[in-house]
Amino acid sequence: MPTTEGPPPLPHHPKPADHIPQTAGPNGSALSSADLSGNRFPYGDLLHALSTAVSASTGVRETVAVLHQLVDGSDGLLTRLAELFDAAADRARAYDRNDGDDDAFYLAKDLADAAVRVRRLGEDLHVVPERMAGLCPLPPHHRLPAVPPRPSASSVLLPGRTP
């Protein structure tokens, strides 16, 4: 009977290009598989496509959409990155054999610490989309009309007064 060392293998997940978020791509379009170069680092390619979308955007709205994808506290990229570090820490803990070699313990600690730092970064940046949106002036139809200057009391003609 074959024995296996270590934890069971990770489940198979589809390629990241199959699950590209529908967010602002170049010129406000949706990102697609074509935006990824197809190299061996598709997640890095996806982030590069997002940064290219921000650089190529012509308005604040597209940038705000991408920033929201990054810092959303429930489903944003930083939240998911923290979960990834937590999962990797769990995997490292699974290799700890309590045999005096603390490599797995310290690796798990480093990964868990990275998860905490990423979560803090997300907490620090959670208002960035709103701040970015605030940089955009209101469209012309939302601007208040200019108020004409009030005439001074001395320039108002009262009945029975002559200038």
Side-chain angles (χ1 to χ4, degrees), residues 4-97 101-146:
T4 59
E5 278 191 37
L10 293 172
H12 170 70
H13 292 286
K15 298 182 299 182
D18 296 336
H19 297 288
I20 295 172
Q22 295 300 310
T23 187
N27 299 319
S29 64
L31 288 175
S32 69
S33 306
D35 294 319
L36 303 179
S37 67
N39 75 17
R40 63 184 210 158
F41 298 105
Y43 297 108
D45 287 344
L46 180 57
L47 286 176
H48 179 71
L50 289 173
S51 62
T52 301
V54 168
S55 296
S57 69
T58 57
V60 173
R61 185 178 258 174
E62 293 87 7
T63 303
V64 169
V66 173
L67 289 172
H68 183 71
Q69 292 287 322
L70 298 177
V71 301
D72 181 76
S74 301
D75 298 314
L77 183 128
L78 293 177
T79 299
R80 298 300 183 213
L81 182 59
E83 291 171 356
L84 174 67
F85 282 126
D86 281 334
D90 289 343
R91 295 298 284 181
R93 280 187 208 98
Y95 282 102
D96 190 1
R97 295 184 187 91
D101 184 2
D102 292 333
D103 286 345
F105 172 81
Y106 287 113
L107 177 58
K109 181 185 178 315
D110 290 344
L111 291 165
D113 288 347
V116 168
R117 287 192 298 273
V118 170
R119 280 192 183 89
R120 285 187 185 142
L121 179 62
E123 291 167 4
D124 291 345
L125 297 177
H126 79 280
V127 295
V128 166
E130 290 82 12
R131 290 179 64 197
M132 179 64 79
L135 298 177
C136 181
L138 292 174
H141 66 280
H142 286 289
R143 288 192 182 146
L144 296 175

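Just so it is clear, the values below take in all heavy atoms, side chains as well, and ignore hydrogens, waters and symmetry mates. Numbers here simply count residues along the sequence, with the first being 1.
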Could you pull out every donor-acceptor pair under 3.5 Å between side chains of residues 107-118 and any protein atom, sequence neighbours left out?
unit_1 : atom_1 : unit_2 : atom_2 : d
Lys109 : NZ     : Asp113 : OD2    : 2.9

Kindly list each side-chain donor-acceptor pair under 3.5 angstrom involving residues 75-87, sequence neighbours excluded, with atom names and distances?
unit_1 : atom_1 : unit_2 : atom_2 : d
Asp75  : OD1    : Arg80  : NH2    : 2.4
Thr79  : OG1    : Asp72  : O      : 3.1
Thr79  : OG1    : Gly73  : O      : 3.2
Arg80  : NH1    : Glu83  : OE1    : 2.9
Arg80  : NH1    : Glu83  : OE2    : 3.0
Asp86  : OD2    : Arg119 : NH1    : 3.0
Asp86  : OD2    : Arg119 : NH2    : 2.5

Smallest separation among heavy atoms of Thr63 and Met132, with atom names: CG2-CE, 3.7 Å
Within residues 46-59 or reaching into it, pairs that qualify as salt bridge (Lys or Arg N to Asp or Glu O under 4.0 Å) - sequence neighbours excluded: none
Residues forming a salt bridge (charged side-chain N to carboxylate O under 4.0 Å, His left out) with Asp96, sequence neighbours excluded: none
Of all pairs that satisfy side-chain hydrogen bond (donor to acceptor under 3.5 Å, both in side chains), the ones with a partner from residues 122-131, not counting sequence neighbours: none
Gap separating the OG1 atom of Thr52 from the CG atom of Leu47, nearest 0.5 angstrom: 10.5 Å
Residue list, side chain to side chain donor-acceptor pair (under 3.5 Å) with Asp90, at least two apart or on another chain: Arg93
